[in-house]
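Here the structure is laid out as structure tokens; the discussion comes afterwards.
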Amino acid sequence: GAGVSQSPSNKVTEKGKDVELRCDPISGHTALYWYRQSLGQGLEFLIYFQGNSAPDKSGLPSDRFSAERTGGSVSTLTIQRTQQEDSAVYLCASSYRTGGFGGELFFGEGSRLTVL
Amino acid sequence: GIQVEQSPPDLILQEGANSTLRCNFSDSVNNLQWFHQNPWGQLINLFYIPSGTKQNGRLSATTVATERYSLLYISSSQTTDSGVYFCAVTGGTSYGKLTFGQGTILTVHP
């Protein structure tokens, strides 16, 4: 597609349930990033993929959070046993990396997660 | 890791006024982007500007990498310019991940 696509756009779940969030990057972009934005806050880095590997997972807040990327394209962020503090907007971005430092990042519209 | 500070945190303008937003960063950078987050939460790319000056309509930006700051200029502001403006940088061995500032909340009144 023309831009980064994320689904679902909204997800309401009960505490303790697992959720999966999907990101479809811009075609041809090699790098993919997940960020989280809590209400009224800035953007918090979660994880970065180059191809299917994740050189930097430093932002994942706990072992309940995991992510994978297949075929160098679509990525899924999984949150197990959701907690109320997981409520946030989860944003995905992609870029075409040249050299070692990435390029311009483009963001999707986000998936808003509400944990009751 | 690299630190990013934006100022001012809040800015209120009358329509038609000009403004300057500032972004200071703590280390050398190889990527710097300015974003506008609209009221629906969408992050809109404004500039990709690790150095130099760029202009796009009423907006322009300048990055002085050697002095570790960037400026975003908004001229003849409009109510649709309201929202949060973020500066984000990549520096050192950060694998291209952007580190965001806390943003400047801009409100433009008619």
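Chain naming here is simple, since letters A, B, ... match the order of the sequence lines and numbering starts at 1 in each.
Hydrophobic cluster membership differs between Leu91(A) and Leu46(A), with clusters built from Ile, Leu, Val, Met, Phe, Trp and Tyr side chains linked at under 4.5 angstrom. A single hydrophobic cluster is not seen to contain both Leu32(A) and Phe100(B); linkage of ILVMFWY side chains at heavy-atom distances under 4.5 Å, directly or through other members, places them apart. Following chains of ILVMFWY side-chain contacts shorter than 4.5 Å, one can reach Leu60(A) starting from Ile79(A), so the two form part of one hydrophobic cluster. Hydrophobic clustering, with ILVMFWY side chains joined whenever heavy atoms are under 4.5 angstrom apart, keeps Trp34(B) apart from Tyr73(B). Criterion: ILVMFWY side-chain heavy atoms under 4.5 Å apart, direct or through other members. Under it, Leu59(B) and Leu106(B) are part of a common hydrophobic cluster.
Taking OG1 of Thr99(B) as the start and CG of Leu43(A) as the end, the distance is 11.0 Å to the nearest 0.5 Å. Taken to the nearest 0.5 Å, the NZ atom of Lys97(B) stands 11.5 Å off from the OH atom of Tyr48(A). Atoms CD and CD1, from Glu104(A) and Ile49(B) in turn, are 11.0 Å apart once rounded to the nearest 0.5 Å.
Of the atoms belonging to Phe107(A), heavy atoms from both backbone and side chain fall under 4.5 Å from chain B. For a residue to count as touching a neighbouring chain, one of its non-hydrogen atoms must lie under 4.5 Å from one of that chain's; by this rule Gln37(A) touches chain B with the side chain only.
Interface residues of residues 81-90 of chain A toward chain B, defined by a heavy-atom distance below 4.5 Å: none.
Pairing each heavy atom of Leu105(A) with each of Asn45(B), the nearest pair is O-ND2, 2.9 Å.
Of the listed residues Gly59(A), Gly108(A), Ser58(A), the one with more heavy-atom pairs under 4.5 angstrom with chain B than any other is Gly108(A).
Within a 6.0 Å radius of CD in Gln14(B), other residues, nucleotides and ligands contribute more than 12 heavy atoms. Under a cut-off of 6.0 angstrom, the local environment of CG in Leu116(A) is crowded, with over 12 non-hydrogen atoms contributed by other residues, nucleotides or ligands. Within a 6.0 Å sphere centred on CZ of Arg22(B), other residues, nucleotides and ligands contribute more than 12 heavy atoms. Counted within 6.0 Å of CD on Glu109(A), heavy atoms from surrounding residues, nucleotides or ligands total 12 or fewer; the atom is thus considered open.
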Check: residues 80-88 of chain B side-chain donor-acceptor pairs under 3.5 Å, at least two apart:
residue: Asp81(B); atom: OD1; partner: Arg58(B); partner atom: NH2; Å: 2.9
residue: Asp81(B); atom: OD2; partner: Arg58(B); partner atom: NH1; Å: 2.9
residue: Asp81(B); atom: OD2; partner: Arg58(B); partner atom: NH2; Å: 3.2
residue: Asp81(B); atom: OD2; partner: Gln78(B); partner atom: N; Å: 2.8
residue: Ser82(B); atom: OG; partner: Thr79(B); partner atom: O; Å: 3.0
residue: Ser82(B); atom: OG; partner: Val108(B); partner atom: N; Å: 2.9
residue: Tyr85(B); atom: OH; partner: Asp81(B); partner atom: O; Å: 2.6

*Show the numbers, then the answer: is there a side chain to side chain contact (heavy atoms under 4.5 Å, CB included) between Tyr35(A) and Leu98(B)?*
CA-CA 10 Å; Tyr35(A) 285 79; Leu98(B) 287 175; 3.4 Å; yes
